[in-house]
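Keep in mind that what you see is a predicted model, and the values were worked out from it rather than measured. For ligands, and for the atoms within them, numbers begin at 1 and follow the listed sequence. Numbering starts at 1 and runs along the sequence shown.
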Amino acid sequence: MIIKQTEEFVLHELGEDATGHDWFHVDRVRRNALHICKEEKAGDPFIIEMAALLHDIPDEKLNESAEKGQQKLETFLESVSLTDSDKNHIVNIIESISYKGGRKTTLESIEAKIVQDADRLDAIGAIGIARAFAYGGKKGQPIYDPSITVRKEMSLEEYRKGKSTSIHHFYEKLLKLRDLLNTEAAKNMAASRHQMMVLFLEQFYQEWDGQGS
Ligand code: ADP
Ligand code: NI
């Protein structure tokens, strides 16, 4: 019942988004998170499913401000019948898992680790490639520009606003994610996805240089 209400809320809130944070992304994260939960035999599946479903609701990119986003999440959680402890846990997970330019926070619960892994898995592989170019297109960012150098260290402000390309995003984030995963189950799922990106980049440069077969 609560899950159904949450699905409807999220579908309504994110349905139209075209930056890669759409309902299908949320649904994949939910399914991957529940899969990891089962494989690891760890974590509370209800908390995991709720946090996965709601994880993009307070995203500052999808709201007027981070505070407005946070408020939207809390208002929704007040409207369903959850214990305070479950509510706080869900809010904490969502707060703690965002990547935001590589910022490292220690995750408190296994549920947070699992939802973060599931979100990161959806940023890599074939789906991750598609999402990177969808996001880049929406932001008016070039596919690639060899004159732009890869940013190694960057503030959150630079990560969001600095000049970059979708190909650069692979080096600034996507190729790093495999080594940042928390659970063994997610690491196993990441192997072929990572390989897919490596192959994609190799072929991309071959074609860029006009030597495509
Ligand atoms: P998070 O919400 O975890 O902080 P982002 O919002 O930065 O992560 O990323 C959400 C999606 O958009 C991911 O699939 C990510 O790879 C993609 N994305 C984010 N920034 C860029 C960028 N500069 N170029 C291409 N894709 C991006
Ligand atoms: Ni997400």
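- Residue Arg131 has at least one N or O atom closer than 3.5 Å to an N or O atom of ligand 1.
- At least one N/O-N/O distance between Lys173 and ligand 1 falls below 3.5 Å.
- When only interatomic distances are considered, the shortest N/O to N/O separation between Lys61 and ligand 1 falls below 3.5 Å.
- With a heavy-atom cut-off of 4.0 Å, His168 does not touch ligand 1 at all.
- Using a 4.0 Å cut-off between heavy atoms, Lys139 makes no contact with ligand 1 at all.
- Taken from CG in Leu77 to CD1 in Ile94, the straight-line distance is 7.0 Å, to the nearest 0.5 Å.
- Here the N, O or S atom of Asp56 that is nearest to the Ni ion (ligand 2) is OD2.
- Under a 4.0 Å N-O distance rule, the pair Arg31/Asp27 qualifies as a salt bridge.
- Proximity of the aromatic rings of Phe170 and Tyr144 is defined here by a centroid distance below 6.0 angstrom, and this criterion is not met.
- Taking the Ni ion (ligand 2) as reference, Asp119 places its N/O/S atom OD1 nearest.
- Within the 4.0 Å heavy-atom criterion, the part of Gln141 lying near ligand 1 is the side chain and not the backbone.
- When Ile143, Asp59, Asp119 are ranked by how near their heavy atoms come to atom 2 (O) of ligand 1, first place goes to Asp59.
- The name of the N, O or S atom in His25 nearest to the Ni ion (ligand 2) is NE2.
- Relative to atom 15 (C) of ligand 1, the option among Lys138, Gln116, His169 with the closest non-hydrogen atom is His169.
- Only the side chain of Leu174 comes within contact range of ligand 1, with a heavy atom under 4.0 Å; no backbone atom does.
- Applying the side chain to side chain contact (heavy atoms under 4.5 Å, CB included) test between Glu7 and each of Val10, Leu11, Ile3 identifies Ile3 as the sole match.
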Phe24 and Arg28: CA distance, side-chain angles, deciding distance, side-chain contact (heavy atoms from CB on, under 4.5 Å) verdict: CA-CA 6 Å; Phe24 295 110; Arg28 288 190 300 270; 3.8 Å; yes
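- Using a 30° and 60° split on the angle between ring planes, Phe200 and Phe204 fall in the tilted class, from 30° to 60°.
- Note: Ile90 CD1 to Glu49 CD = 10.5 Å, rounded to the nearest 0.5 Å.
- A salt bridge between Lys87 and Glu74 is absent, with no side-chain N of the basic residue lying under 4.0 Å from a carboxylate O of the acidic one.
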